[in-house]
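Structure first, then comments.
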Amino acid sequence: MQKTTRRGIAAYGLALLAAPRLALGQGAAFPSRPITMVIPFAPGGPTDIVGRLMAEAMTKEIGQPVVVENTTGAGGTLGAQRVATARPDGYTVLLHHIGMGVIPTMYRRLSYDPVNGFEPLGLVTEVPMTLVTRKDIPANNLAELVAYMKAQGDRFNLADAGIGSSSALCGALLANAIGVKPTVIPFRGTGPAMQEILGGRVDLLCDQTTQTTEYIRAGQVKVFATPSRHRIATLPEIPTTTEAGLPGFEVTVWHGLYAPRGTPAPVCARLTQSLQAALREPRIVQRFAEIGTAPVSQADATPEAHRRFWTADIAKWKPVIEATASFAD
Ligand code: ASP
């Protein structure tokens with residue numbers, strides 16, 4: 001009796017300690033089953049890389065598997081729609097990025113509300129971008145690349161992940177800044193787009209260091225600049241677009257976690273708690289550093305900070321998008 005009771009109590013204590021679950025009314029505890037994290041782009045790309053790291057770390061903390069589901073297409077709007085229309089019970093969340101800041105202006109008609117269809121749970125990270133090309137492109141600096149793009153006109157092609165994606169935003173701002181109209185080739189994510197760059201079948205891709213760092217370091221692509229205010233700490237040799245002679249456009253890809261509108265506040269709070277714990281994880285901190293980024297501060301990994309940042313970002317991009325010829329097509 002003695003022995004059993006002590007083991008029983010210890011096991012019960014451990015279970016409670018291991019995965020603090022939220023007691024909701026009617027005895028249900030959250031979470032009591034796996035959570036789906038929707039990634040709106042293809043496996044292997046930058047959003048997928050960040051999402052899978054977060055899902056793994058949140059699984060450890062929240063006591064239930066956080067399972068990634070790649071719902072791709074239409075520049076990330078199909079994945080967003082999947083979550084906006086999901087049951088608001090905390091078991092379906094969305095890992096998305098700056099796309100949530102530009103989609104409200106870029107799309108006139110959507111089957112979901114791109115702003116009020118979601119509960120922001122907290123920001124995750126901000127990732128710099130890089131302009132990379134197939135490695136045999138006949139240019140060795142941004143000025144030569146610009147000259148080549150002008151000479152090639154629409155024979156020059158540019159990959160992206162569809163209207164609403166960060167690669168499309170960056171590509172269009174680049175084309176607009178140069179005054180050229182390259183042929184745009186959309187993919188379901190920049191993971192597959194990168195394979196075409198590596199294969200020499202596509203000319204240029206503007207993509208995040210979370211994916212491009214390894215290919216840049218391996219010399220498998222040519223890199224020309226980063227559309228950031230400052231150089232990238234892990235890739236200090238890359239000039240900013242302004243330094244390289246092309247001022248006037250900056251794109252850094254912020255990421256955030258979302259639940260469907262109407263998800264109960266205690267459930268959102270439990271998901272935010274798990275997000276914050278994941279961002280403190282040493283493995284996350286180290287892996288993010290290796291791929292050119294870092295977790296946001298704990299204060300930014302909150303619904304309030306996320307909503308504030310997101311609202312300001314929509315307002316920032318609206319006039320830019322409306323004034324940028326490349327988006328009008
Ligand atoms: N984040 C990329 C983009 O927006 C797409 C991806 O992650 O695959 O372009």
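Counting starts at 1 for both ligands and their atoms, in listed order.
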Original post:
What's the spacing between Leu204 CG and Leu145 CG if we round to 0.5 Å?
Top reply: 6.0 Å
Original post:
Can you list the ligand 1 atoms lying under 4.0 Å from a non-hydrogen atom of Ser167?
Top reply: 3 (C), 4 (O), 9 (O)
Subject >> Glu61 and Arg270 ion-paired at < 4.0 Å >> reply: yes
Original post:
Quick one: which ligand 1 atoms are inside 4.0 Å of a heavy atom on Gln208?
Top reply: 1 (N), 2 (C)
Original post:
Does Asp89 come within less than 4.0 Å of Arg33, counting only side-chain N to carboxylate O?
Top reply: yes
Subject >> Protein heavy atom at shortest distance from atom 7 (O) of ligand 1 >> reply: Thr47 OG1, 2.6 Å
Subject >> Within-cut-off N or O pair, Asp207 and ligand 1, under 3.5 Å >> reply: no
Subject >> Where ligand 1 meets Ser166 - atom numbers and elements under 4.0 angstrom, heavy-atom basis >> reply: 1 (N), 2 (C), 3 (C), 4 (O), 9 (O)
Subject >> Pairing of Glu214 and Arg217 as salt bridge, 4.0 angstrom limit >> reply: no
Original post:
When you check the gap from the basic side-chain N to the acidic O, do Glu196 and Arg134 get nearer than 4.0 Å?
Top reply: no
Original post:
When you measure from atom 8 (O) of ligand 1 to every protein heavy atom, which one gives the shortest distance, and what is it?
Top reply: Thr190 N, 2.8 Å
Original post:
By number and element, which atoms of ligand 1 are closer than 4.0 Å to a non-hydrogen atom of Gly189?
Top reply: 8 (O)
Subject >> Atoms in ligand 1 flagged as close to Ser165, the criterion being non-hydrogen separation under 4.0 Å >> reply: 3 (C), 4 (O), 9 (O)
Original post:
Is any side-chain N of the basic residue among Lys318 and Glu322 closer than 4.0 Å to the acidic one's carboxylate O?
Top reply: yes
